[in-house]
Amino acid sequence: MPELPEVEVVRRGLARWVIGTTIDEVEVLHPRPVRRHEAGIDDFVSRLNGATVLDVVRRGKFLWLSLDSGEALLAHLGMSGQLLLEAPDAPDEKHLRVRLGLRGGTGRELRFVDQRMFGGLAVVDLVKTPDGGPGGLGGVPAEDAPVPVGLPGEPAGDGPVEGEYTAGEALIPVPVAHIARDALDPLLDVDLLAARLRRRETGLKRALLDQTLISGIGNIYADEALWRAKLHYARATETLNRPTLNRVLAAAQDVMREALAQGGTSFDSLYVDVNGQSGYFERGLDAYGREGEACHRCGSQMRRETFMNRSSFFCPKCQPKPRSGRF
DNA sequence: ATAACGCCCTGTGTGC
DNA sequence: TGCACACAGGGCGTTA
């Protein structure tokens, strides 16, 4: 459930502390989180040992460390994944899956902790993006990156911030090549998105969750965006005119920027930054998880419906069901 | 080709 | 008390 803001919080933490460090003493404690590395665990370990981190980049919910070997360590947090920077002598987490030593940094090691193991790590090749640029936030050139000093939790220097996107000859991991630019990507092509939505025969929430159309939006922020835009989840995408599309897109961007400014949303201890700290945006939610509570806009009782094997929360008055919706 | 379903995982909460 | 089951849901392989 970490969505764009939560993953970006992690990316910023990693960018600040691991760029310039060299990976060593990689230890895989459970095979499943490395299942996407098809050449096997030994190959995963040997490709990482001795590699130096040049950059930390994100597109949608995918995150990767670009390495001086020309490859990338690709990470997806899935439902419950965490990337933590910890002292090597800190006790192992119950669900610690992969440990990566880091030389030349703060002395902390990088840990991939994942209870449900929907997420994972893989060392993958990079390819040039068809439209140039890595997408998402970040992509800061290594030479401009802050030198890791001090300890996590005691920020030193300026980390990458929104707007520091750099276009150019950027590369993207092969498994991410089919993922669309994300909702906060300055190079998101809204005209292209509009054209693809018009041709789609599906419901609006399905489209918002389709990472090949627009990425970074998950179940929580989809519901929040629809509530803010006063649109029903089953609204047929081919009936969306451009102002309405702009409205829901702006709502998604607004709510994710607000969440990012709060350090992300946290419902429990699963969604944390590299220091294990939770965000504070939960209080800012208007739709997700509010079944039976009063709509923050009109006071009607919020409803929950099961859809796509997920819960959808909405206000039945502000977001009326369309006559011919697509579920 | 597109659209949608089902599976993978584990811990928590609920009902019988 | 213990057991069964629903739920959380992103991404991808399979099916229609």
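Nothing here was measured: the structure is a model prediction, and the numbers come from that model.
Backbone-only contact: A:R36 has heavy atoms under 4.0 Å from sugar-phosphate atoms and none from a base. Counting non-hydrogen atoms under 4.0 angstrom, A:R97 reaches nothing in the nucleic acid. In this structure, A:H30 reaches neither bases nor backbone, as no heavy-atom distance under 4.0 Å exists between it and the strands shown.
Residue A:H178 places none of its side-chain N or O atoms closer than 4.0 Å to OP1 or OP2 of C:dG11. The side chain of A:R304 contributes an N or O atom lying less than 4.0 Å from OP1 or OP2 of C:dA8. Taking only side-chain nitrogens and oxygens, A:H76 comes nearer than 4.0 Å to OP1 or OP2 of C:dG11. Side-chain nitrogen and oxygen atoms of A:S80 include none within less than 4.0 Å of the OP1 or OP2 phosphate oxygen of B:dG11. Using a 4.0 Å cut-off, some side-chain N or O of A:K94 falls inside it from OP1 or OP2 of B:dG11.
The side chain of A:Y288 has C:dA8 as its nearest neighbour among B:dT10, C:dA8, C:dG10. Nearest to the side-chain atoms of A:N219 among the listed nucleotides B:dT10, B:dA4, C:dG10 stands C:dG10. Residue A:S311 places its side chain closer to C:dA8 than to any other of B:dG11, C:dG11, C:dA8. The side chain of A:R200 approaches B:dA3 more closely than any other nucleotide in the set B:dC5, C:dG10, B:dA3. The side chain of A:F62 approaches C:dC12 more closely than any other nucleotide in the set B:dG6, C:dC12, B:dT10.
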Report the C-alpha distance between A:L63 and A:R58 in whole Å, list the side-chain angles of each, state the deciding distance to 0.1 Å, and finish with yes or no for side-chain contact (heavy atoms from CB on, under 4.5 Å). CA-CA 4 Å; A:L63 179 70; A:R58 181 188 57 75; 4.2 Å; yes
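Rounding to whole angstrom units, CZ of residue A:F307 and C1' of C:dC7 are separated by 18 Å. If you take CD of A:E291 and C1' of C:dA6, they are 14 Å apart, rounded to a whole angstrom. Residue A:Q115 contributes atom CD, which lies 5 Å from atom C1' of B:dT10 at whole-angstrom precision. C:dG10 atom P lies 15 Å from atom CD1 of A:I214, rounded to whole Å. Rounded to whole angstrom, the span from the CD atom of A:E305 across to the C1' atom of C:dA8 amounts to 18 Å. For A:M117 and B:dG11, the CE to P distance is 8 Å, given to the nearest whole Å.
Counting distance only, with no hydrogens placed and no angle test, the side-chain atoms of A:R206 and the base atoms of B:dA4 include no donor-acceptor pair under 3.5 Å.
No hydrogens or angles considered: nothing links the side chains of A:H76 and A:R36 as a donor-acceptor pair under 3.5 Å.
A tilted orientation is assigned to the rings of A:Y233 and A:F307, their planes being inclined by 30° to 60°.
Comparing A:R35 and A:E201 by the nucleotide of DNA chain B that holds the closest heavy atom to each, the one mapping nearer the 5' end is A:E201.
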